[in-house]
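To start, the structure itself, in structure tokens.
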Amino acid sequence: FACDVTDRESVDELVDQVPQGDWEVIMRTIHRVAANPTVYDWIQRLAGYRVVASRISACLGSEMTSVLDVGAGTGALYELLDSDTSYIWLDEDPQKLGGFRSRVEAGCNAVLGDATRIGLQGRVVDYVVCVNVAHHLSDRGFARMVRELARVARKQVLFLDPVVKPRSPLSRILWAL
């Protein structure tokens with residue numbers, strides 16, 4: 001069965017045809033493919049990262065000297081910042097770290113770690129940016145992450161995450177990623 005991925009009804013019909021027991025195998029496979037930095041960047045572009053990036057840029061102050069990017073993926077946010085802004089990449093995925101390292105010059109700060117236990121001192125960065133991370137966490141993990149974001153930020157936390165539409169199979173797939 002083929003479908004036009006821009007036609008949501010067609011995608012929903014395809015998703016509804018997948019036997020329930022096969023979802024775990026399908027999602028593990030999708031996770032493995034999406035973990036590849038090139039595929040990950042492509043998914044981000046497809047999901048509208050350019051719009052998100054322009055909104056983030058508008059929120060970041062001109063007096064900013066440092067940014068912590070939590071759940072940084074391959075570090076696309078880095079490209080939006082002035083060269084004199086200190087950028088710290090934080091994610092728990094070693095493959096994404098490889099993607100980040102391939103896109104930036106040596107010497108950029110990177111922390112391979114957990115958003116619920118950020119290994120930095122308190123109030124150490126001007127801005128903390130966290131995009132599309134919360135849906136990967138349990139309710140308890142989300143609460144811990146929010147406390148950590150607030151703890152390390154001096155000025156502001158910018159937080160953005162998708163809203164799930166439980167009746168939409170496409171939304172459920174994207175949320176599960």
Side-chain angles (χ1 to χ4, degrees), residues 27 30-32 34-164 171 174-177:
M27 292 313 296
I30 289 172
H31 276 268
R32 274 193 300 255
N36 174 288
T38 302
V39 174
Y40 176 83
D41 285 342
W42 180 80
I43 290 169
Q44 295 302 308
R45 282 191 296 278
L46 206 69
Y49 187 76
R50 287 191 178 126
V51 172
V52 170
S54 68
R55 291 184 179 165
I56 290 170
S57 291
C59 291
L60 293 173
S62 60
E63 299 293 318
M64 138 186 75
T65 59
S66 57
V67 173
L68 170 63
D69 189 1
V70 176
T74 57
L77 176 63
Y78 176 78
E79 296 170 358
L80 302 176
L81 305 174
D82 292 334
S83 61
D84 48 334
T85 300
S86 174
Y87 174 83
I88 303 171
W89 176 99
L90 184 137
D91 203 298
E92 66 178 10
D93 186 338
Q95 271 189 282
K96 304 273 182 8
L97 175 58
F100 170 64
R101 291 283 188 218
S102 72
R103 107 185 301 151
V104 300
E105 69 271 0
C108 279
N109 296 314
V111 177
L112 191 59
D114 184 341
T116 66
R117 292 184 302 265
I118 299 172
L120 299 174
Q121 294 180 357
R123 302 182 55 76
V124 71
V125 293
D126 292 330
Y127 291 87
V128 176
V129 177
C130 182
V131 178
N132 298 336
V133 175
H135 65 278
H136 295 291
L137 303 172
S138 66
D139 290 348
R140 178 178 279 174
F142 175 73
R144 283 194 310 256
M145 181 189 71
V146 169
R147 283 192 296 273
E148 282 292 279
L149 301 179
R151 183 183 66 78
V152 298
R154 277 193 296 256
K155 293 183 180 178
Q156 190 173 19
V157 173
L158 302 174
F159 175 85
L160 178 68
D161 216 271
V163 175
V164 69
S171 174
L174 291 173
W175 188 265
L177 293 176

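All values reported here derive from a predicted model rather than from experimental measurement. Just so you know, residue 1 is the first one in the sequence shown, and it goes up from there. Just so it is clear, the values below take in all heavy atoms, side chains as well, and ignore hydrogens, waters and symmetry mates.
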Nearest heavy atoms of V133 and D161, plus distance in Å: N-OD2, 2.7 Å
Side chain to side chain contact (heavy atoms under 4.5 Å, CB included) evaluation trace for M145 with F159: CA-CA 11 Å; M145 181 189 71; F159 175 85; 3.8 Å; yes
E79, CD atom: more than 12 neighbouring heavy atoms under 6.0 Å: yes
Rounded distance [0.5 Å steps], OH in Y127 versus CG in L77: 12.5 Å
Atom pair CZ (R144) and CG (D114), whose distance is rounded to the nearest 0.5 Å: 7.5 Å
Heavy-atom closest pair, residues S57 and L80: OG-CD1, 3.7 Å
Trace of the side chain to side chain contact (heavy atoms under 4.5 Å, CB included) decision for D91 with T74: CA-CA 9 Å; D91 203 298; T74 57; over 6 Å; no
Polar side chain donor-acceptor pair, S66 to R154, under 3.5 angstrom: yes
Nearest-0.5 Å distance that lies between atom CG in L112 and atom CG in D93: 8.0 Å
Value rounded to 0.5 Å, distance of OG1 in T116 from CZ in R140: 11.5 Å
Heavy-atom closest contact (G75 atom, F100 atom, distance): CA-CD1, 3.8 Å
Distance, nearest 0.5 Å, that separates CZ of R117 from CD of E148: 9.0 Å
From CA spacing to verdict: side chain to side chain contact (heavy atoms under 4.5 Å, CB included), R103, D41: CA-CA 11 Å; R103 107 185 301 151; D41 285 342; 3.7 Å; yes
Stepwise side chain to side chain contact (heavy atoms under 4.5 Å, CB included) check, L60 with V129: CA-CA 9 Å; L60 293 173; V129 177; 4.3 Å; yes
Closest approach of V39 to A34 (non-hydrogen atoms, all atoms of both residues): CG1-CA, 4.0 Å
Q95 atom CD: more than 12 heavy-atom contacts under 6.0 Å: yes
Side chains of S86 and N109 in contact at under 4.5 Å (non-hydrogen atoms): yes
Straight-line distance of R123 CZ to K155 NZ, nearest 0.5 Å: 10.5 Å
Closest non-hydrogen atom pair, R101 against C108: NH1-O, 2.9 Å
Where C59 and L158 come nearest, the two heavy atoms and their spacing: CB-CD2, 3.7 Å
Partners passing ring-ring contact (aromatic ring centres under 6.0 Å, His included) against Y78 (at least two apart in sequence or in another chain): Y87
Whether over 12 other heavy atoms sit under 6.0 Å from D139 CG: no
